[in-house]
Amino acid sequence: MPNVLAFAEARSGELRKVALEAVTAARTVADQIGGEVHVVLVGAPGIAAKAATLAQYGADVVLSSEHAGFANYAPEATAALVAARVSGGDYRAVFFSASQQGRDLAPRTAAKLQRSIAADVTSFTVAGDSVTVTHPGYTGKVVQTLTLTGSPAILSLRPGAISPAEKAGAGRTESVAPVQDPGAGRVVVTETILGDSRTLDLGEAPVIVSGGRGLKAAENFKLVEELAAAFGNAAVGATRAVTDEGWRPHSDQIGQTGRLVSPDLYVAVGISGAIQHLAGMRTSKCIVAINKDKEAPIFKVADYGIVGDVFEVVPALTAAVKQAKQSSH
Amino acid sequence: EMDVNFKIAPSGLSVDETGLKWDMSDFDGYAVEAALQLTEKLGAGEVHVISLGPDVVQETLRKALSMGAAKAVQLKCDSVPFDPAAIGAALAAELKDGGYDLIMFGKMSIDGASGATQFVVAERLGLPIVHGCSKLEIADGKGTARREIEGGGELVSFPLPAVVSIDEGIARPRYPSLKGIMAAKKKPLEAKPAQLGEVNLTVAKMELPPPRAAGRIIGEGAAAVPELVALLQNEAKVL
Ligand SMILES: Cc1cc2nc3c(=O)[nH]c(=O)nc-3n(C[C@H](O)[C@H](O)[C@H](O)COP(=O)(O)OP(=O)(O)OC[C@H]3O[C@@H](n4cnc5c(N)ncnc54)[C@H](O)[C@@H]3O)c2cc1C
Ligand SMILES: Nc1ncnc2c1ncn2[C@@H]1O[C@H](COP(=O)(O)O)[C@@H](O)[C@H]1O
């Protein structure tokens, strides 16, 4: 009977939320077809201890590969390991996250297996020999329904599209040796540079406060940071105008050529709402815009808009959010 | 170019191309520019460009030639399959004997947005691949790159020949000069049939996403803040 494989992404020895999303997706398909969920977990020695969490979300078997060379992402050795598991087993589907790492690992593994990949999918249905998925194309301007034929189906899931759901799996564990030395790939990650770890990642934060050129200077981003801090569960984003100026790093950029995000709440501060920016955030559940120009295009997509000066409105909003948070405790 | 009048074709399987202008996709523009800057900096080598598709892609190829590429190849097919595996197979077949030191892709296309084609080519050619380079340096037969990850970056090193795909951050595409446009008319653009690979991923339907409900401006200045907070709490329930 075919099983389902998921890749569990970890960083610095911790599972990422997207790992649980992939396992949850695999559990859904395994339950439908009556197979098991197998999960591949790689990392530096110690990572195997995370198997218990994966089991809570539905892993029947956790295949852990511990190696010092897996401390940084080892693209070739990781893909080789997953590909070897896929070829050596009977899998109906293989789930990756379309996280930044998954956007490398998933197509890399698919290419190794000489299989097609449905990338960055927002939903999926397995029926018979085919898998039907939805996938945003043309930078979110259209929703494409795609049919992927053949087994195993290789998919990467847009972060946040699936909510991790606890559902206990058998949780057997197995340790597997790398099939290729993680320290000896041609492509070597020599250093992982992490920014300010106090802030949430844009892909995972329920709230994003984003700043545009209307903030006028890098130091004024403290207004945005303070508002984000008031929400408590917010990440800070920016427009390309801002990253071009060097006020924020490119990794904060939201839009067509930056990150594509879909938080519960997106607060656009001093952002005009150019089409390329909207491409990255228009699927947010609730959008708030603060801009002094009432004709700014951002107001066309904003659920709630305030016409006004960011230097006046944002501090007032920060204070009000702080107060609202306090009284709800 | 898809800013205006974006519609789905009556078939429901593709975008209505009437009134749309074909152009190089964003990341491919960055890749072409990065390639040109590399040869300029190294003072050696040429940039060749390749595109798979119907004759409209010749326009894109001419643009790259007018930016400074030396030679172009069109892998001709009437309609482009969606499956990156099929496209990548055709590109790899053409690139196999090219003897290139570096094969550069955009991080992802605009229409398909899979970010997968480059991996198919690398695998078929047996070359290392670095995906999503926001910085790239080539020296002494080796490359170093930076890739963006959530909240940071990764520094990567790799040997040549290699495949790389380009993210934003390296270079913005230059505008072709008049001289460049004139010169491009005389540069070779060869068209040959595409040897597409097997197609296992197809489009069943294309739709416009549901439109957002019209928003509203709730007021002006700091005076509107209490109402906003009330709406976030009671109506949107996000606070
Ligand atoms: C190929 C390509 C890719 C691109 N990719 C992206 C992308 O990924 N992401 C992205 O964001 N952009 C992208 N862009 C750029 C995009 O076209 C816009 O230039 C950019 O989004 C504008 O950023 P902005 O809104 O911060 O600046 P502006 O457009 O300059 O808007 C600033 C806004 O601030 C308001 N303002 C000014 N002062 C105040 C004040 N005191 N109080 C309140 N409001 C004020 C103004 O009314 C204005 O609306 C791309 C462009 C191209 C060509
Ligand atoms: N038809 C094509 N012709 C040439 N290059 C292509 C084609 N389709 C995709 N590519 C390249 O592959 C990259 C990734 O495309 P995709 O896998 O569709 O996201 C693009 O940025 C291009 O560099």
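For the numbers below, each heavy atom of this structure counts, side chains included, while hydrogens, waters and symmetry mates do not. Residue numbering restarts at 1 for every chain, and letters A, B, ... go by the order of the sequence lines.
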- Name the region of B/V203, side chain, backbone, both or neither, that has any atom closer than 4.5 Å to a heavy atom of chain A. both

- Query: Of the non-hydrogen atoms in A/H135 and B/A113, which two are nearest, and what is the gap between them?
  - Reply: CE1-O, 3.3 Å

- Query: For the residue pair A/A118 and B/L201, what are the closest heavy atoms and their distance?
  - Reply: CB-CD1, 4.3 Å

- Query: Picking from B/A85, B/A224, B/A222, which has the most non-hydrogen pairs under 4.5 angstrom with chain A?
  - Reply: B/A222

- Query: With respect to chain B, which residue among A/V313, A/V187, A/D104 yields the maximal number of heavy-atom pairs within a distance under 4.5 Å?
  - Reply: A/D104

- Task: Name the option with the most non-hydrogen atom pairs under 4.5 Å to chain B; the candidates are A/D264, A/V310, A/T190.
- Result: A/T190

- Item | Residue, of A/L146, A/I117, A/V131, A/T132, that accumulates the most heavy atom pairs under 4.5 Å with chain B | A/L146

- Query: Does any non-hydrogen side-chain atom of B/I110 lie less than 4.5 Å from one of A/T139?
  - Reply: yes

- Largest heavy-atom contact set with chain A, pairs under 4.5 Å, which of B/E235, B/E198, B/R146, B/K107: B/E235

- Message: I'd like to verify something: which residue of A/R16, A/Q253, A/R240 has the highest number of heavy-atom pairs under 4.5 Å with chain B?
- Response: A/R240

- Message: For B/Q195, is the CD atom crowded, meaning more than 12 foreign heavy atoms sit under 6.0 Å from it?
- Response: no

- Would you call A/R11 and B/E150 a salt bridge, using N to O less than 4.0 angstrom? yes

- Message: Between A/I306 and chain B, with a heavy-atom cut-off of 4.5 Å, which part of the residue counts as in contact: side chain, backbone, both or neither?
- Response: both

- Quick check: does any side chain N or O of B/R147 sit under 3.5 Å from a backbone N or O of A/V189, one acting as donor and the other as acceptor? no

- Query: Between A/Q100 (side chain) and B/E148 (backbone), is there a donor-acceptor pair under 3.5 Å?
  - Reply: yes

- Task: Indicate yes or no: at least one non-hydrogen side-chain atom of A/R103 is less than 4.5 angstrom from one of B/M108.
- Result: yes

- Residue among B/G152, B/G153, B/G215 with most heavy-atom pairs under 4.5 Å to chain A: B/G153

- Note on the structure: Only residue of B/L232, B/L239, B/L228, B/V225 satisfying side-chain contact (heavy atoms from CB on, under 4.5 Å) with A/V321 is B/L239

- Item | Neighbours of chain A found in residues 129-142 of chain B - heavy atoms under 4.5 Å | B/I129, B/V130, B/H131

- What residue in A/Q101, A/R259, A/Q114 has the most heavy-atom pairs under 4.5 Å with chain B? A/R259

- Picking from B/G219, B/A116, B/P210, which has the most non-hydrogen pairs under 4.5 angstrom with chain A? B/G219

- Kindly indicate whether the side chain of B/E207, heavy atoms from C-beta on, has any atom under 4.5 Å from the side chain of A/Q144. no

- Item | From B/S109 atom OG to A/Y138 atom OH, the distance as rounded to the nearest 0.5 Å | 8.5 Å

- Query: Looking only at heavy atoms, which of residues 287-296 of chain A get nearer than 4.5 Å to chain B?
  - Reply: A/I287, A/V288, A/K294

- Item | Side chain proximity check, A/Y304 to B/E227, heavy atoms < 4.5 angstrom | no

- Item | Min side-chain heavy-atom separation B/P128-A/E76 under 4.5 Å | yes

- Note on the structure: Nearest heavy-atom contact between B/N200 and A/S116 is CB-OG, 3.5 Å

- Stepwise, does the salt bridge (charged side-chain N to carboxylate O under 4.0 Å, His left out) test hold for A/D244 with B/R172? CA-CA 11 Å; A/D244 276 355; B/R172 296 279 153 80; 2.8 Å; yes

- Proximity breakdown for A/Q323 and chain B, heavy-atom pairs closer than 4.5 Å: neither

- Can a salt bridge be assigned to the pair B/R212 and A/D303 using a cut-off of 4.0 Å between side-chain N and carboxylate O? yes

- Message: Looking at B/E123 and A/R108, is any side-chain nitrogen of the basic one under 4.0 Å from a carboxylate oxygen of the acidic one?
- Response: no

- Task: Check whether A/S99 gets within reach of chain B through its side chain, its backbone, both or neither, counting any heavy atom under 4.5 Å.
- Result: both

- ring-ring contact (aromatic ring centres under 6.0 Å, His included) against B/F158, all qualifying residues, sequence neighbours excluded: none

- Query: Got B/I149 and A/L194 here, is their nearest side-chain heavy-atom distance under 4.5 Å?
  - Reply: yes

- Interface check, chain B: of A/V188, A/V133, A/T192, A/D252, most non-hydrogen pairs under 4.5 Å belong to A/V188

- Query: What part of A/P136 gets closer than 4.5 Å to chain B, counting heavy atoms only: side chain, backbone, both or neither?
  - Reply: backbone

- More than 12 heavy atoms of other residues, nucleotides or ligands under 6.0 Å from NZ of A/K17: is that the case? yes

- Message: Taking side chain as everything from C-beta outward and backbone as N, CA, C, O, which of these in A/E204 sits under 4.5 Å from a heavy atom of chain B? Side chain, backbone, both or neither.
- Response: neither

- B/D78, CG: over 12 other non-hydrogen atoms inside 6.0 angstrom: no

- Note on the structure: In this structure, CG of A/L265 is separated from NZ of B/K237 (nearest 0.5 Å) by 14.5 Å

- Query: B/E168 versus A/H250: any side-chain heavy-atom pair under 4.5 Å?
  - Reply: yes

- Would you say A/T109 and B/F119 make side-chain contact, with heavy atoms under 4.5 Å? no

- Item | Polar side chain donor-acceptor pair, B/D26 to A/T257, under 3.5 angstrom | no

- Task: Measure from the side-chain N and O atoms of B/E220 to the backbone N and O of A/G308, and report whether any donor-acceptor pair falls under 3.5 Å.
- Result: no

- For the candidates B/A145, B/A213, B/S157, B/A214, which exhibits the highest count of non-hydrogen atom pairs separated by less than 4.5 Å from chain A? B/S157

- Is it the side chain or the backbone of B/D83 that comes within 4.5 Å of chain A heavy atoms, both, or neither? side chain

- Message: According to ring-ring contact (aromatic ring centres under 6.0 Å, His included), does anything in residues 88-108 of chain B pair up with another residue at least two apart or in another chain? List the pairs.
- Response: B/H48-B/Y100

- Item | Heavy-atom pair count under 4.5 Å with chain A, highest-scoring of B/V121, B/I218, B/V229, B/T144 | B/I218

- Does the A/T145 side chain pair with the main chain of B/A204, one donor and one acceptor, at a distance under 3.5 Å? no

